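One structure is given here, and the rest of the page talks about it.
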Amino acid sequence: MIMNQNKPFQIVVLSGKGGTGKSTMSLALADLMKPVVLADCDVDAADLFIIAQPVTLAEEAFAGGTKAEIDQNQCIACGKCFDLCRFDAITNTEGLYFINEHRCEGCGLCKLACPADAITMKESLANRWFSSDSRFGPMLHARLAPGEDNSGKLVTQVREEARKKSREKGIQNIIIDGPPGIGCPVIAALTGVDMVLLVTEPSMSGLSDLTRVYDLILKFGMPAFLIINRADVNKEMTEKIRLWANEMSINILGEIPFDKTVVDSMIEKKTLLEFEPNAPAAQKIIEIHHLLQEQINKLKSNG
């Protein structure tokens with residue numbers, strides 16, 4: 001079966017933890033594969049825009065949940081809401097009750113308990129998602145406001161807009177910079193993609209979080225490939241990761257050496273390929289891209 005050529009090919013870059021070089025790899029691949037649609041799905045701490053320097057074309061509010069609100073004209077100051085709130089989101093100031101929106105989890109218990117019907121649940125519109133243009137192609141990203149929930153739903157929104165933009169512009173590849181961890185945002189970033197690219201580092205926490213996120217990927221049955229970043233920093237741990245990958249039958253696309261040029265390129269707000277294409281890490285990333293493209297072509301051909 002041949003893959004539908006009108007359907008964008010979606011690659012999600014995951015790590016299981018922060019600080020492995022996941023976002024750096026996402027941008028490097030976007031540079032090598034451009035034009036692509038970039039989707040920054042690390043909505044809790046989006047950072048691709050720092051290097052990509054996109055121009056915002058549209059900004060939309062996102063209803064991430066609800067927050068309680070007390071009508072002081074109806075409140076009889078009985079204190080039931082204050083007594084019942086398990087999140088300490090209600091304060092008592094000289095006999096008047098107020099909601100701390102940063103603590104409110106939107107559970108609605110206070111509204112149910114209020115005998116005066118003085119509490120309403122209002123949609124929170126503090127979150128934002130953006131449709132932008134970058135030198136790599138269209139870019140979709142978002143900002144989750146402090147204390148807001150439903151980051152998984154915001155990730156889904158960013159991905160849906162990325163698919164729309166891909167169809168609109170006729171761009172075949174979507175690169176998704178996924179969030180760390182294994183929670184709802186990761187599941188939202190992972191669902192329905194065509195390929196997972198795992199980026200890890202040679203440390204105990206790197207391997208531990210890698211195994212956790214791979215256990216999640218197995219439940220989705222998606223093809224996954226591995227990159228070991230800063231592989232020469234801890235050769236013993238790199239060997240442990242190799243052995244684990246062999247045991248799991250995961251194809252290691254490449255091992256990137258530690259290279260200070262990576263940091264220098266970030267300071268200049270450029271990808272490594274833009275800043276110094278002959279740097280050791282850049283040359284290894286180019287090799288990884290060739291191998292990755294071969295895998296993409298195989299998957300597109302096999303469907």
Side-chain angles (χ1 to χ4, degrees), residues 9-34 36-42 45-52 134-137 139 141 162 173-181 186 189-190 193-203 205-207 209-210 213-214 217 222-233 238 241 245 250-277 279-296:
F9 190 88
Q10 301 182 76
I11 305 168
V12 63
V13 186
L14 295 175
S15 62
K17 69 181 289 292
T20 64
K22 170 180 60 64
S23 297
T24 300
M25 180 57 60
S26 297
L27 283 168
L29 289 176
D31 194 6
L32 289 165
M33 298 171 67
K34 61 188 176 188
V36 298
V37 176
L38 258 177
D40 191 345
C41 288
D42 189 0
D47 59 4
L48 289 191
F49 71 92
I50 297 172
I51 307 298
S134 77
R135 61 190 183 276
F136 313 113
M139 180 172 170
H141 47 119
N173 294 314
I174 299 175
I175 295 178
I176 302 163
D177 185 47
V186 176
L190 183 63
V193 302
D194 301 290
M195 172 189 286
V196 182
L197 187 59
L198 294 165
V199 180
T200 192
E201 63 181 6
S203 65
S205 59
L207 178 56
D209 290 327
L210 175 64
V213 76
Y214 186 65
I217 292 166
M222 293 163 182
F225 302 88
L226 179 62
I227 295 170
I228 306 175
N229 194 23
R230 299 185 286 268
D232 53 343
V233 170
T238 294
I241 293 171
I250 302 175
N251 187 347
I252 299 177
L253 291 182
E255 298 178 9
I256 302 172
F258 173 79
D259 190 340
K260 184 180 177 297
T261 312
V262 175
V263 177
D264 296 335
S265 68
M266 285 192 261
I267 292 170
E268 295 298 321
K269 297 180 181 178
K270 294 180 179 180
T271 69
L272 182 58
L273 283 305
E274 291 172 321
F275 182 74
E276 182 48 78
Q283 289 296 302
K284 181 56 70 171
I285 290 171
I286 291 170
E287 290 178 21
I288 288 170
H289 169 248
H290 289 317
L291 295 172
L292 180 66
Q293 194 60 57
E294 289 177 6
Q295 297 296 334
I296 291 172

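No experiment lies behind these values; they were computed from the predicted model shown. By convention here, the first residue in the shown sequence is residue 1.
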Side chain to side chain contact (heavy atoms under 4.5 Å, CB included) partners of A52, counting only residues at least two apart: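 Only L27, P54, S134, F136, M139 meet the side chain to side chain contact (heavy atoms under 4.5 Å, CB included) criterion with A52.
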Can you list everything that forms a side chain to side chain contact (heavy atoms under 4.5 Å, CB included) with A224? Sequence neighbours excluded, please.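 Per chain and number, A224 pairs via side chain to side chain contact (heavy atoms under 4.5 Å, CB included) with V196, L198, Y214, I217.
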Stepwise, does the side chain to side chain contact (heavy atoms under 4.5 Å, CB included) test hold for M195 with Q10? CA-CA 7 Å; M195 172 189 286; Q10 301 182 76; over 6 Å; no
Pairwise side-chain contact, [X] with [Y], heavy-atom cut-off 4.5 Å (strictly under):
| X | Y | result |
| --- | --- | --- |
| I227 | L197 | yes |
| I288 | I256 | yes |
| T24 | M266 | yes |
| D209 | T200 | no |
| I285 | L272 | yes |
| M33 | Q293 | yes |

Is a side-chain donor-acceptor pair under 3.5 Å present for S23 with D177?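 A donor-acceptor contact under 3.5 Å links the two side chains.
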Considering all heavy atoms of both residues, which atom of [X] and which atom of [Y] are nearest to each other, and what is their separation?
| X | Y | value |
| --- | --- | --- |
| R230 | G19 | NH2-O, 2.6 Å |
| D232 | F258 | OD1-N, 2.8 Å |
| T238 | A231 | OG1-O, 2.6 Å |
| A281 | V262 | CB-CG2, 4.1 Å |
| P280 | D259 | CD-OD2, 3.2 Å |

Is there a donor-acceptor pair closer than 3.5 Å between any side-chain N or O of [X] and the backbone N or O of [Y]?
| X | Y | result |
| --- | --- | --- |
| D42 | P180 | no |
| E274 | T271 | yes |
| N229 | T20 | yes |
| D40 | L48 | yes |

As an exercise, state the distance from OG of S15 to CD of E201, rounded to the nearest 0.5 Å.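 Here the rounded value is 8.5 Å.
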Atom pair CD1/OG of I11 and S26 - distance to nearest 0.5 Å: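 Atom-to-atom, I11:CD1 and S26:OG are 9.5 Å apart.
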Stepwise, does the side chain to side chain contact (heavy atoms under 4.5 Å, CB included) test hold for K270 with E276? CA-CA 9 Å; K270 294 180 179 180; E276 182 48 78; over 6 Å; no
Listed by chain and number, what are the salt bridge (charged side-chain N to carboxylate O under 4.0 Å, His left out) partners of E268, not counting sequence neighbours?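 Listed in chain order: nothing, the list is empty.
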Residue that, paired with L210, satisfies side chain to side chain contact (heavy atoms under 4.5 Å, CB included) out of L226, I250, V199: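 One option only clears the test, and that one is L226.
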